[in-house]
Participant: 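First the structure, which I've put down as structure tokens, then a few questions once you've had a look.
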Amino acid sequence: MSVRVRFAPSPTGDLHVGGARTALFNWLFARKTGGTFILRVEDTDGARNTAEASAGIIKGLRWLGLDWDEGPEIGGPCGPYFQSQRKDIYDAYLKRLEDAGRVYTEENGAVRFKFSRTAITVHDLVCGDVTFAPTEEPDMTVRRPDGSYIFHFVNVVDDIEMRMTHVFRGEDHLSNTWKHIDLFHAFGATPPIYAHIPLILNPDGTKMSKRDEGSAIEHSYMNAGYLPDAVFNYLCLLGWTPKTEAEKLSRAELTALFDAEAIHSSNAKFDLKKSLWFNAQYLRELNADDLLRHARPFLAARGLSWADDAVAAAAVHSVREKISLLAELPEWVHYFFREDFPFEADVLAKLKARPENAGLLKAAGESLAQAAEWSEQSVHDAVEAAARTLNVKPGAMMPLLRFALSGQSRGPGVTTIAHLIGREKTLTRIERALGQF
RNA sequence: GACCCCUUCGUCUAGCGGUUAGGACACAUCCCUUUCACGGAUGCGACACGAGUUCGAUUCUCGUAGGGGUCGCCA
């Protein structure tokens with residue numbers, strides 16, 4: 001029987017890292033086994049679910065590159081894939097329970113499922129066999145007085161209807177799984193194979209919730225300038241190890257290596273620094289054009305624009321090894337795009353402390369003005385010549401030029417900056433900087 | 001409170017009876033260097049505790065402690 005797995009989010013808010021990783025593991029398992037990955041939106045609680053949240057979750061999944069074979073936007077043989085549209089199916093299933101005498105209605109109209117009250121064992125791919133003693137909990141409500149259904153009921157009904165073979169979900173569901181199995185049995189159905197995956201915790205060990213740093217996919221990752229591949233890679237390694245030398249692995253490698261039984265049973269803490277490291281790794285291997293494509297919205301957000309894509313691409317590419325997030329890009333490249341960039345005060349003060357600096361900068365400018373051509377090499381040669389004439393090291397001039405051309409004390413090579421902005425702007429900027437001394 | 005899961009460097013983890021307990025991130029130092037970075041090298045740093053099994057426990061069993069989860073007409 002071919003594998004069928006699903007990600008079943010409740011659209012009560014943004015896609016959360018925990019949910020994203022649950023989706024990721026399901027996706028990995030489906031792709032690895034050649035199975036089917038289904039997206040099902042569990043929006044049975046009209047009071048809490050919103051269409052915006054639903055759209056946001058879909059947007060987040062797409063951004064991560066998790067495509068589904070059945071579900072919203074593409075349909076499939078087991079639709080509809082929004083539980084809010086499946087009431088008839090649930091009514092029919094409830095009828096079966098009624099016929100079997102397994103439910104009863106409360107005074108106010110709520111319907112409860114009679115637990116079998118037998119010992120129930122969950123055979124879990126991650127946790128092993130977990131046996132729950134006959135319960136003493138009150139019977140479980142499956143339908144509200146208003147006719148809408150409760151999670152446990154619709155979740156099981158849909159897993160039967162959609163013929164799920166495996167269920168990868170957060171470990172927070174483990175303690176309730178016996179209820180689901182009880183329901184499967186009541187329907188005369190065979191439960192899927194469960195795999196309860198560990199939770200992602202905050203650095204302090206508390207449960208990660210919507211407000212916590214690094215929890216919301218759109219806010220903490222998409223908008224911060226992470227690359228989807230980096231997040232995909234990092235999240236995979238939280239709760240599972242491919243046992244390879246390298247940790248930076250492509251989707252194809254991760255998919256091939258994925259092993260459900262190797263998923264850990266202990267929770268993992270989210271490590272911001274490591275997630276940034278992963279992103280930096282992916283960022284620096286992007287070519288200039290791809291980097292610019294990803295950088296566009298971040299540069300635009302800071303009001304930076306340009307006429308020549310090639311120069312802009314070269315500019316962002318020149319600082320690719322200095323950033324961890326795309327959102328950091330503007331502060332590293334803004335001076336490539338404008339002539340009125342600010343001179344950083346502390347850097348200026350430091351440079352002015354040496355009275356000879358103004359003369360050195362002026363000499364460098366004059367030498368640059370006479371360069372025969374304009375390449376990184378010729379810029380370098382011109383500075384070197386000027387330095388030699390004044391009997392100083394080129395290293396004494398470079399910081400001055402860097403400051404003149406960028407207003408900063410850090411950045412790509414001075415020759416790279418000069419080459420990219422061209423001779424005219426280089427000379428103008430030197431003049432402007434000289435005015436500061 | 002009851003029940004369930006978990007416990008190796010600060011963090012992610014390798015380990016599946018005998019290892020100098022390995023790697024990655026972070027951190028520190030050094031090297032490289034026109035800056036900031038990258039990169040390279042080195043260092044710091046862990047088996048929660050107590051019993052038991054065993055010739056021998058990080059590894060198996062039990063207990064304790066700690067952490068997490070579940071006990072909804074939320075999902």
Side-chain angles (χ1 to χ4, degrees), chain A residues 8-13 19 41-45 47-49 83 106 108-112 122 124 126-128 130-133 135-138 140-155 169-179 196 198-201 203-208 234 236-248 264-278 280-281 284 318-324 332 347 380 383-384 387 393-403 406 408-417:
Chain A
S10 175
T12 54
V41 181
E42 308 219 329
D43 55 348
T44 55
D45 187 351
R48 293 165 183 250
N49 302 140
Q83 291 186 328
E106 303 255 56
N108 68 359
V111 177
R112 283 182 188 268
V122 179
D124 195 280
V126 174
C127 304
V130 183
T131 300
F132 293 83
T135 188
E136 288 175 23
E137 281 181 33
M140 168 171 70
T141 303
V142 293
R143 198 184 71 171
R144 303 185 185 90
D146 70 0
S148 63
Y149 290 88
I150 299 301
F151 161 74
H152 302 292
F153 180 81
V154 294
N155 189 266
R169 54 169 29 162
E171 196 229 62
D172 50 339
H173 288 289
L174 182 59
S175 297
N176 281 327
T177 300
W178 63 269
K179 298 176 185 176
H196 286 92
L199 269 20
I200 298 177
L201 272 24
D204 67 359
T206 57
K207 189 180 183 182
M208 200 177 231
Y234 175 65
C236 277
L237 269 34
L238 240 31
W240 172 64
T241 340
K243 294 186 174 69
T244 48
E245 276 285 313
E247 294 193 330
K248 181 171 171 296
H264 307 152
S265 43
S266 55
N267 294 339
K269 288 173 185 154
F270 176 78
D271 185 348
L272 180 66
K273 289 272 186 56
K274 190 150 188 177
S275 73
L276 289 173
W277 177 80
F278 268 104
Q281 296 301 308
R284 77 178 55 140
S318 73
V319 298
R320 69 187 181 287
E321 288 181 338
K322 303 174 191 306
I323 59 168
S324 295
W332 284 89
V347 181
H380 182 269
V383 174
E384 198 167 55
K393 288 179 180 173
M397 282 180 172
M398 291 300 185
L400 294 164
L401 280 169
R402 171 184 304 289
F403 179 73
S406 71
Q408 304 179 344
S409 60
R410 66 210 160 97
V414 170
T415 55
T416 302
I417 301 175

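Quick note on labels: first sequence line is chain A, next is B, and so on, each numbered from 1.
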Participant: C4(B), G10(B), A75(B): which one has an atom nearest the side-chain heavy atoms of Ser175(A)?
Facilitator: C4(B)
Participant: I want to verify a distance call: between A26(B), G39(B), U35(B), whose nearest atom is closest to the Arg402(A) side chain?
Facilitator: U35(B)
Participant: Across all strands, who's sitting opposite A28(B) as a Watson-Crick or G-U wobble pair, both distances under 3.5 Å?
Facilitator: U42(B)
Participant: State the CD1-NZ distance between Ile200(A) and Lys207(A), to the nearest 0.5 angstrom.
Facilitator: 12.0 Å
Participant: Decide yes or no for Gln408(A) and Phe403(A): does some side-chain heavy atom of the first lie under 4.5 Å from some side-chain heavy atom of the second?
Facilitator: no
Participant: Is there a Watson-Crick or G-U wobble partner for A57(B) with both distances under 3.5 Å, and if so, which one is it?
Facilitator: none
Participant: Could you please name the option among U34(B), U35(B), A75(B) that lies closest to any side-chain atom of Phe151(A)?
Facilitator: A75(B)
Participant: Which base, if any, makes a Watson-Crick or G-U wobble pair with A21(B), both distances under 3.5 Å?
Facilitator: none
Participant: Who is the Watson-Crick or G-U wobble partner of U64(B), with both distances under 3.5 Å?
Facilitator: A48(B)
Participant: Let me know the distance between CE of Met398(A) and P of A37(B), rounded to the nearest Å.
Facilitator: 19 Å
Participant: Under 4.0 Å, counting only non-hydrogen atoms across every strand here, what does Thr135(A) touch: a base, just sugar-phosphate, or nothing?
Facilitator: nothing
Participant: Please classify C32(B) as syn or anti, treating any glycosidic angle within 90° of 0 as syn.
Facilitator: anti
Participant: Would you mind checking if Lys393(A) and Glu384(A) are paired as a salt bridge, meaning a charged N to carboxylate O distance below 4.0 Å?
Facilitator: no
Participant: What integer number of Å spans the P atoms of G15(B) and U7(B)?
Facilitator: 13 Å
Participant: From the options U34(B), C5(B), A75(B), select the nucleotide whose nearest atom is closest to the side chain of Val414(A).
Facilitator: U34(B)
Participant: For the atom pair CD (Gln281(A)) and OH (Tyr234(A)), what is the distance rounded to the nearest 0.5 Å?
Facilitator: 14.5 Å
Participant: Counting the atoms with a prime plus P, OP1 and OP2 as sugar-phosphate, which does Gly109(A) contact under 4.0 Å by heavy atoms, base, sugar-phosphate, or nothing?
Facilitator: nothing
Participant: Could you work out the separation of U42(B) and A37(B) based on their P atoms and round it to a whole Å?
Facilitator: 22 Å
Participant: U11(B) C1' sits how many Å from Met208(A) CE, rounded?
Facilitator: 13 Å
Participant: Start with the C-alpha distance between Thr141(A) and His152(A), add both sets of side-chain angles, then the distance that settles side-chain hydrogen bond (donor to acceptor under 3.5 Å, both in side chains), and finish with yes or no.
Facilitator: CA-CA 9 Å; Thr141(A) 303; His152(A) 302 292; over 6 Å; no
Participant: Determine the Euclidean distance between corresponding P atoms of U19(B) and U58(B); express it in Å to zero decimal places.
Facilitator: 10 Å
Participant: Between A26(B) and G66(B), how many Å separate the two C1' atoms, rounded to a whole number?
Facilitator: 25 Å
Participant: Between C73(B), U11(B), C6(B), spot the one nearest the side chain of Ser266(A), thanks.
Facilitator: C6(B)
Participant: If we ignore hydrogens and angles and just use 3.5 Å, is the side chain of Thr244(A) paired with the main-chain N or O of Ala246(A) as donor and acceptor?
Facilitator: yes
Participant: Taking atom types as they are modelled, would you say the side chain of Lys322(A) forms a donor-acceptor pair with the base of C36(B) within the 3.5 Å cutoff?
Facilitator: yes
Participant: Taking atom C1' in both C60(B) and G68(B), what distance in whole Å separates the two?
Facilitator: 25 Å
Participant: Looking only at atom P, what distance separates U64(B) and C4(B), rounded to whole Å?
Facilitator: 13 Å
Participant: With sequence neighbours left out, what residues match Tyr149(A) under ring pair (Phe, Tyr, Trp, His ring centres under 6.0 Å)?
Facilitator: Tyr90(A), Phe153(A)
Participant: Looking at every strand, decide which applies to Asp172(A) at a 4.0 Å heavy-atom threshold: base, sugar-phosphate, or nothing.
Facilitator: sugar-phosphate
Participant: Output one line per pair: protein atom, nucleotide atom from nucleotides 60-67 of chain B, and distance, for all N/O pairs under 3.5 Å.
Facilitator:
none

Participant: Using atom P of each nucleotide, how far apart are A24(B) and A75(B) to the nearest Å?
Facilitator: 45 Å
Participant: Given C73(B), is OP1 or OP2 found less than 4.0 Å from the side-chain N or O atoms of Thr141(A)?
Facilitator: yes
Participant: Would you say a side-chain N or O of Lys207(A) is under 4.0 Å from OP1 or OP2 of G68(B)?
Facilitator: no
Participant: Compare the minimum distances between each of A24(B), U11(B), A75(B) and the side chain of Asp271(A), then state the nucleotide with the smallest one.
Facilitator: U11(B)
Participant: The side chain of Arg144(A) is closest to which nucleotide in this list: A75(B), U35(B), C71(B)?
Facilitator: A75(B)
Participant: Are Arg320(A) and Trp332(A) in a cation-pi setup, meaning NZ or CZ lies under 6.0 angstrom from the ring centre and within 45 degrees of the ring axis?
Facilitator: no
Participant: Nearest nucleotide by nearest heavy atom, which residue falls closer to the 5' end of RNA chain B, Pro394(A) or Glu247(A)?
Facilitator: Glu247(A)
Participant: Using whole Å, report how far CZ of Phe278(A) lies from P of U11(B).
Facilitator: 18 Å
Participant: Rounding to an integer number of Å, can you tell me how far Lys274(A) NZ sits from G10(B) C1'?
Facilitator: 13 Å
Participant: Please figure out whether Pro399(A) or Leu238(A) has its closest RNA chain B nucleotide nearer the 5' end.
Facilitator: Leu238(A)
Participant: NA contact type, Thr241(A), heavy-atom cut-off 4.0 Å: base, sugar-phosphate, or nothing?
Facilitator: sugar-phosphate
Participant: Searching all strands shown, indicate the nucleotide that pairs with C3(B) (Watson-Crick or G-U wobble; both distances under 3.5 Å).
Facilitator: G69(B)
Participant: Assess the residue pair Glu106(A) and Arg143(A) against the criterion (salt bridge (Lys or Arg N to Asp or Glu O under 4.0 Å)); give the C-alpha distance rounded to whole Å, side-chain angles, the decisive distance to 0.1 Å, and a yes or no.
Facilitator: CA-CA 10 Å; Glu106(A) 303 255 56; Arg143(A) 198 184 71 171; over 6 Å; no
Participant: Under 3.5 Å, is there an N or O donor on one side and an acceptor on the other linking the side chain of Asn108(A) and the base of C73(B)?
Facilitator: yes
Participant: Report which part of the nucleic acid Pro412(A) touches: base, sugar-phosphate, or nothing (heavy-atom distance under 4.0 Å, all strands).
Facilitator: base
Participant: Is there a Watson-Crick or G-U wobble partner for U35(B) with both distances under 3.5 Å, and which nucleotide is it?
Facilitator: none
Participant: Counting side-chain heavy atoms from CB outward, which of C12(B), A14(B), A26(B) is closest to His264(A)?
Facilitator: A14(B)
Participant: If you measure from the C1' atom in A46(B) to the same atom in U59(B), how many Å do you get, rounded?
Facilitator: 15 Å
Participant: For C73(B), take OP1 and OP2 only and decide whether either is under 4.0 Å from a side-chain N or O of Arg112(A).
Facilitator: yes
Participant: Could you tell me the separation between the OG1 atom of Thr44(A) and the CZ atom of Arg144(A), rounded to the nearest 0.5 Å?
Facilitator: 5.5 Å
Participant: Measuring only between side-chain heavy atoms, which start at C-beta, is His380(A) closer than 4.5 Å to Met398(A)?
Facilitator: yes
Participant: Take the protein atom NZ of Lys269(A) and the nucleotide atom C1' of G10(B), then report the distance between them rounded to whole Å.
Facilitator: 9 Å
Participant: Please classify the nucleic acid contact of Arg143(A) as base, sugar-phosphate, or nothing, using heavy-atom distances under 4.0 Å.
Facilitator: nothing
Participant: Rounding to an integer number of Å, can you tell me how far Ile200(A) CD1 sits from C12(B) C1'?
Facilitator: 12 Å
Participant: What nucleotide, of A26(B), C3(B), C74(B), holds the atom closest to the side chain of Phe132(A)?
Facilitator: C3(B)
Participant: Using a cut-off of 4.0 Å on non-hydrogen atoms, how would the nucleic acid contact of Ala268(A) be classed: base, sugar-phosphate, or nothing?
Facilitator: sugar-phosphate
Participant: I want to check something: taking the side chain as every heavy atom from C-beta on, are Lys269(A) and Leu201(A) in contact at a cut-off of under 4.5 Å?
Facilitator: yes
Participant: Rounded to whole angstrom units, what separation is found between the CG atom of Leu400(A) and the P atom of U35(B)?
Facilitator: 13 Å
